[in-house]
Amino acid sequence: MESVLGLVRHSGNDALLRAVEMSLVSTLAGRPLHIHAEGLRGTGKTTIMRRVRKALPRIRRIRGCLYNCDPSAPHCPVHRNLSPEEVAALGEERVPMPFLEISHAAKIGTAVGSIDLSRLVSATHPEAALLPGTIPQAHRGILFVDEINRLAETSPELADVLLDVMGTRPGRVQIEETGLPPVELPVLVSVWAASNPDEEPGPLEEIRRQLSDRFDFSIYTDRPSDPEVVEQILAAAEAGEARPPRIADTKAELWRTRLTLHTADLRQVTIPPGIRRQVAALYSQFDLESLRGVEAIQAGIRLSACLDGRREVQPEDLLRVVPMALRHRVDPELLRRVTSYLAE
């Protein structure tokens with residue numbers, strides 16, 4: 001993965017690179033996996049997440065659909081009432097998985113949807129119609145929010161929208177405009193976010209705990225401490241500028257293929273009863289506040305085994321996933337007790 005994205009993997013970013021790959025496989029499989037990267041400025045959180053756009057896997061959609069309707073399960077206002085024959089007549093296309101962003105300064109209409117002004121003022125056929133916002137257009141893909149801790153403080157309405165998007169699978173958005181009936185849409189989207197918890201307004205879990213809990217994983221990214229790693233990063237940046245586009249495209253295509261194969265393999269991964277009991281026991285034994293924590297662990301250990309090419313979850317998957325799933329949900333001392341218990 002790192003070679004495709006032109007990055008150097010090290011102890012400070014390893015967990016985030018792993019979580020990004022897990023989220024992509026899970027999203028392709030139809031289950032959003034929300035991840036939040038925290039860390040100091042300059043540790044590469046945003047770079048890693050944004051650079052994935054260079055090599056996103058492809059999805060099938062109804063040709064030209066702004067909502068990325070799956071031809072086998074159309075959901076948007078334009079296509080959801082069509083018969084299979086009508087959908088087939090429209091045709092389909094393969095496009096890169098959506099990767100869209102909203103900022104902490106975004107407006108509700110931009111993020112959710114609004115009236116399509118171009119159609120409203122048409123000289124030949126004026127009509128009132130909806131224009132989907134960033135979130136509906138990210139359906140079956142990734143929605144990236146940088147500085148999400150600032151969004152939670154400055155845009156509470158938008159934070160409420162994200163709660164609905166991330167609260168269930170699928171999530172939902174409701175587009176409301178004067179003169180038009182409200183339109184509710186299911187949204188399958190993995191939310192990726194980044195923030196600097198040491199800067200104002202502070203860690204997300206202290207600003208909007210509900211929103212923080214919606215993230216399956218929270219990953220702390222750190223700067224490289226080894227000078228040799230820094231040297232590799234500098235060399236990789238220089239090599240990336242000189243690399244022929246054809247080689248980069250070939251590597252990206254191979255990575256897309258591998259992700260698609262992992263998505264098929266994920267269905268075959270099983271969790272032994274003993275490990276499932278152990279996951280369930282964490283909830284009651286350590287008095288965890290949210291069931292979402294153990295649900296994230298269960299999803300994560302299957303993805304971890306899948307990426308390692310295994311058909312059965314092993315204890316090592318628990319040790320890898322639990323810190324990401326509980327870091328933002330429990331205090332550091334309780335997390336230490338949980339990981340010590342699992343290590344024993």
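All values derive from a computational prediction rather than experimental measurement. No hydrogens, no waters, no symmetry mates; every other heavy atom, side chains included, goes into these values.
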With no hydrogens and no angle check, is any side-chain donor or acceptor of Ser155 less than 3.5 Å from a backbone partner on Leu158? no
Report the relative orientation of the aromatic rings in Phe99 and Trp192; use parallel for angles under 30°, tilted for 30 to 60°, perpendicular for over 60°. perpendicular
Full working for side chain to side chain contact (heavy atoms under 4.5 Å, CB included) between Val191 and Phe144: CA-CA 6 Å; Val191 178; Phe144 177 60; over 6 Å; no
Hey, what do you get for CZ (Arg302) to CG (Leu266), rounding to the nearest 0.5 Å? 4.5 Å
Could you grab the distance from atom CD1 of Ile148 to atom CD of Glu153, nearest 0.5 Å is fine? 13.5 Å
To check you understand the geometry: which heavy-atom pair defines the closest contact between Ile297 and Val322, and what is its length? CD1-CG2, 3.9 Å
Below 4.5 Å, heavy atoms only, C-beta onward: do Leu16 and Met49 meet side chain to side chain? yes
Closest non-hydrogen atom pair between Pro98 and His139, with its separation: CG-O, 3.5 Å
For residues Leu334 and Val321: do they belong to one hydrophobic cluster (side chain heavy atoms under 4.5 Å, members Ile, Leu, Val, Met, Phe, Trp, Tyr)? yes
Run the salt-bridge test on Arg329 and Glu205 with the 4.0 Å N-O cut-off and return the result as yes or no. no
When every non-hydrogen atom of Arg9 is compared with those of Leu17, the smallest separation belongs to CG-CD1, 3.5 Å
Rounded to the nearest 0.5 Å, what separation is found between the CD atom of Gln278 and the CD1 atom of Ile301? 9.0 Å
Report the distance from atom OG of Ser304 to atom CD of Glu316, rounding to the nearest 0.5 Å. 7.0 Å
Is there a side-chain contact between Pro57 and Trp255, using heavy atoms and a 4.5 Å cut-off? no
So, the side chain of Asn13 versus the backbone of His10: is there a donor-acceptor pair under 3.5 Å, distance only? yes
Using 4.0 Å as the upper bound for N to carboxylate O, is an ion pair formed by Arg336 and Glu333? yes
Backbone N/O of Ala29 and side chain of Thr263: donor-acceptor pair under 3.5 Å: no
Of the non-hydrogen atoms in Gly293 and Ala325, which two are nearest, and what is the gap between them? O-CB, 4.0 Å
Locate the shortest heavy-atom distance separating Leu288 from Val330; write the atom from each residue and the value. CD2-CG1, 3.7 Å
Pair Asp317 + Arg310, salt bridge at N-O below 4.0 Å: yes
Compare all side-chain heavy atoms of His104 with those of Glu147 and state whether any distance is below 4.5 angstrom. yes
Salt bridge or not for Arg41 and Glu199, using N-O below 4.0 Å? yes
Are Phe215 and Tyr220 connected in the hydrophobic side-chain network, where two residues link if heavy atoms are under 4.5 Å apart? no
Does the pair Asp164/Arg214 count as a salt bridge with the N-to-O cut at 4.0 Å? no
Pro32 backbone acceptor or donor facing Arg169 side chain under 3.5 Å: yes
Are there more than 12 heavy atoms of other residues, nucleotides or ligands under 6.0 Å from atom CZ of Arg51? yes
Please report the C-alpha distance between Phe217 and His36 in whole Å, then the side-chain angles of each, then the deciding distance to 0.1 Å, and finally whether the side chain to side chain contact (heavy atoms under 4.5 Å, CB included) criterion is met. CA-CA 6 Å; Phe217 297 156; His36 177 203; over 6 Å; no
Examine distances only and state if a side-chain atom of Gln210 and a backbone atom of Leu163 form a donor-acceptor pair shorter than 3.5 Å. no
Yes or no on side chain to side chain contact (heavy atoms under 4.5 Å, CB included) for Leu24 and Ile142, after CA distance, side-chain angles and deciding distance? CA-CA 8 Å; Leu24 286 172; Ile142 308 299; 4.2 Å; yes
With a 4.5 Å cut-off on side-chain heavy-atom distances among I, L, V, M, F, W and Y, is there a chain of contacts connecting Leu188 to Val112? no
Partner of Glu38 under side chain to side chain donor-acceptor pair (under 3.5 Å), picked from Lys45, Arg327, His328, is Arg327
Surrounding CD of Glu289 (heavy atoms of other residues, nucleotides or ligands, distance under 6.0 Å), is the total greater than 12? no
Before giving the answer on side chain to side chain donor-acceptor pair (under 3.5 Å), spell out for Arg150 and Ser195 the whole-Å C-alpha distance, their side-chain angles and the decisive distance to 0.1 Å. CA-CA 8 Å; Arg150 294 182 63 188; Ser195 64; over 6 Å; no
Arg337 side chain vs Pro332 backbone, donor-acceptor pair below 3.5 Å: no
Name the one of His262, Met22, Gln298 that satisfies side chain to side chain contact (heavy atoms under 4.5 Å, CB included) with Leu303? Met22
Closest contact, heavy atoms only, Asp146 versus Arg50: OD2-NH2, 4.0 Å
Okay, side chain of Asp265, backbone of Cys306: is any donor-acceptor separation there less than 3.5 Å? no
Is it true that Val161 and Leu185 fall in one hydrophobic cluster, defined by side-chain heavy atoms closer than 4.5 Å? yes
Donor-acceptor pair, side chain of Ser212 and main chain of Leu204, under 3.5 angstrom: no
State the CD-OG1 distance between Glu101 and Thr46, to the nearest 0.5 angstrom. 8.5 Å
Side-chain (Thr110) to main-chain (Ala106) donor-acceptor, under 3.5 angstrom: no
Applying side chain to side chain contact (heavy atoms under 4.5 Å, CB included), run through Leu143 and Leu162 and close with a yes or a no. CA-CA 10 Å; Leu143 180 71; Leu162 288 178; 4.0 Å; yes
Any ion pair linking Glu184 and Arg172 (charged N to carboxylate O, less than 4.0 Å)? yes
In terms of side-chain geometry, is the basic nitrogen of Glu253 or Arg58 positioned less than 4.0 Å from the acidic oxygen of its partner? yes
Go through the steps for Lys107 and Glu157 under the test salt bridge (charged side-chain N to carboxylate O under 4.0 Å, His left out), then give the verdict. CA-CA 9 Å; Lys107 305 299 183 186; Glu157 299 89 352; over 6 Å; no
Under the 3.5 angstrom rule, does the side chain of Arg61 hit a backbone N or O of Asn68 as a donor-acceptor pair? no
Do Ser72 and Arg60 have side-chain N/O donor and acceptor atoms under 3.5 Å apart? no
hydrophobic_cluster_shared for Tyr283 and Ile271, side chain cutoff 4.5 Å: yes
